There are 2 protein chains.
Amino acid sequence: MVTKGNVFDPNCPTRVILDRIGDKWTVLVVLLLRDGPLRFTELRDGIGRVAPKVLTQTLRRMERDGLVSREVFAEIPPRVVYTLTPMGASLIEPISVLTDWAETHMPAISKAQTQYDAV
Amino acid sequence: MVTKGNVFDPNCPTRVILDRIGDKWTVLVVLLLRDGPLRFTELRDGIGRVAPKVLTQTLRRMERDGLVSREVFAEIPPRVVYTLTPMGASLIEPISVLTDWAETHMPAISKAQTQYDAV
DNA sequence: CGCCAACGGTATCTATTGGTAACTGGCTAC
DNA sequence: GTAGCCAGTTACCAATAGATACCGTTGGCG
């Protein structure tokens, strides 16, 4: 019996979140949008090397989850602006905890890897 | 310029961590091992529906990263025990923050999803 | 008028990955 | 003897991630 939610049940909603976090791009999008709304190309350029298709998928998923809002301006040239919703913004904290951990332990992990590979 | 490490650089080590967290099984393994060492089958049964191949992959990767240690007892029948290293144990906190967030916001996410799908 | 660029994406193809099913080898229980 | 446990491995398949190319609209430029 797991008290803190049944993460071990495949149908557990927590899994959904973890899948999103693991999405590789979701986290980057959240961090990029932390300082304000951005357009599609700004996100693409900010992330670096992302296929537009994948970025679109990520953004749609995040929109569906209520993490970002998508505003289309019917201008020429078209303009689409992505903004963090309050819920999306609340993800910044957990993510920061993770990235902090990552930065702290990265040297140890690298060391462990080289040791492991040396054997 | 990103002050808290350049997560946006594809070569950034933080990415490695995020990939692990996104690993879908890594998190489960950490949570299962929180209460003490477990054997391969215990992990498999605890997670529920995991192909042994995938579990092996996950555990090898975690071993390589220095998150778990693997002990083989040359007995009959063979016995292999997996234990969280101190570094692996330190991952519990960030993960808990995430799962807490997930549980808190899950209703809102579900609602957002049904709303989105209804349109 | 013809050409090109900017924007926010699609369309198509390939590579990687996650996953299933079946098997291994040494033993033990029925 | 044959069925099954343990900790995986091997062969194979489906779904996904990613790279590359392309689309429609319009405005500027020659």
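Letters A, B, ... are given to chains in the order of the sequence lines, protein chains preceding strands, and every chain is numbered from 1. Everything numeric here is computed off the predicted structure, so don't read it as measured data.
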task: Give the rounded distance in Å between these two atoms: CG of B/Leu38 and P of D/dG8.
output: 14 Å
query: What does A/Arg39 touch in the nucleic acid at a heavy-atom separation under 4.0 angstrom: a base, only the sugar-phosphate, or nothing?
result: sugar-phosphate
message: Run the salt bridge (charged side-chain N to carboxylate O under 4.0 Å, His left out) test against A/Arg39 and tell me which residues pass, sequence neighbours left out.
response: none
message: Test of understanding: with salt bridge (charged side-chain N to carboxylate O under 4.0 Å, His left out), list the residues that count as partners of A/Arg79, not counting sequence neighbours.
response: A/Glu75
query: To 10°, what angle do the rotation axes through the five end pairs on each side of the helix from C/dC1-D/dG30 to C/dC30-D/dG1 form?
result: 30°
task: Please check if the side chain of B/Trp101 supplies one atom and the backbone of A/Glu93 the other of a donor-acceptor pair under 3.5 Å.
output: no
task: Take atom CD1 of B/Ile47 and atom C1' of D/dA7, then tell me their distance rounded to the nearest Å.
output: 15 Å
Under 3.5 Å, which N/O atoms of the protein pair with N/O atoms of nucleotides 9-16 of chain C?
{"residue": "C/dG9", "atom": "OP1", "partner": "A/Arg60", "partner atom": "NH2", "Å": "3.0"}
{"residue": "C/dG9", "atom": "OP1", "partner": "A/Arg70", "partner atom": "NH2", "Å": "2.4"}
{"residue": "C/dG9", "atom": "OP2", "partner": "A/Tyr82", "partner atom": "OH", "Å": "2.8"}

message: Distance check needed: C/dG8 P versus A/Asp45 CG, whole Å only.
response: 10 Å
C/dG19 phosphate, OP1 or OP2, under 4.0 Å from B/Trp25 side-chain N/O: yes
field: Protein-nucleotide distance (A/Phe73, atom CZ; D/dT26, atom P), rounded to Å
entry: 19 Å
- prompt: Taking the hydrophobic residues Ile, Leu, Val, Met, Phe, Trp and Tyr, and joining any pair whose side-chain heavy atoms are under 4.5 Å apart, which ones share a cluster with B/Phe73?
  reply: B/Val81
- request: Provide the full list of ring-ring contact (aromatic ring centres under 6.0 Å, His included) pairs with a residue in residues 41-69 of chain A, sequence neighbours left out, each pair given once.
  value: none
Set of residues satisfying side-chain hydrogen bond (donor to acceptor under 3.5 Å, both in side chains) with respect to A/Asp117, sequence neighbours excluded: B/Arg64
task: Can you spot which of A/Leu59, A/Leu38, A/Leu67 makes a side-chain contact (heavy atoms from CB on, under 4.5 Å) with A/Tyr82?
output: A/Leu59
Within the sub-3.5 Å range, which N or O atoms of nucleotides 23-25 of chain C have a protein N or O partner, and how far apart are they?
none

query: Is the phosphate of D/dA7, meaning OP1 or OP2, less than 4.0 Å from a side-chain N or O of B/Arg79?
result: no
field: Test side-chain hydrogen bond (donor to acceptor under 3.5 Å, both in side chains) applied to B/Trp25 - qualifying residues, sequence neighbours left out
entry: none
message: Test of understanding: with salt bridge (charged side-chain N to carboxylate O under 4.0 Å, His left out), list the residues that count as partners of B/Arg20, not counting sequence neighbours.
response: B/Asp65
query: Does A/Pro77 or A/Arg61 map to a spot on DNA chain D nearer the 5' end, using the closest nucleotide for each?
result: A/Arg61
- prompt: To the nearest Å, how far apart are A/Leu43 CG and C/dC7 P?
  reply: 13 Å
query: How many Å lie between CZ on B/Arg44 and C1' on C/dG19, as a whole number?
result: 15 Å
- request: Rounded off to whole Å, could you give me the CD-to-P distance for the A/Gln57 and D/dA15 pair?
  value: 15 Å
task: Would you please name every residue forming a side-chain hydrogen bond (donor to acceptor under 3.5 Å, both in side chains) with A/Arg60, sequence neighbours left out?
output: none
field: B/Arg44: partners by salt bridge (charged side-chain N to carboxylate O under 4.0 Å, His left out), with sequence neighbours left out
entry: none
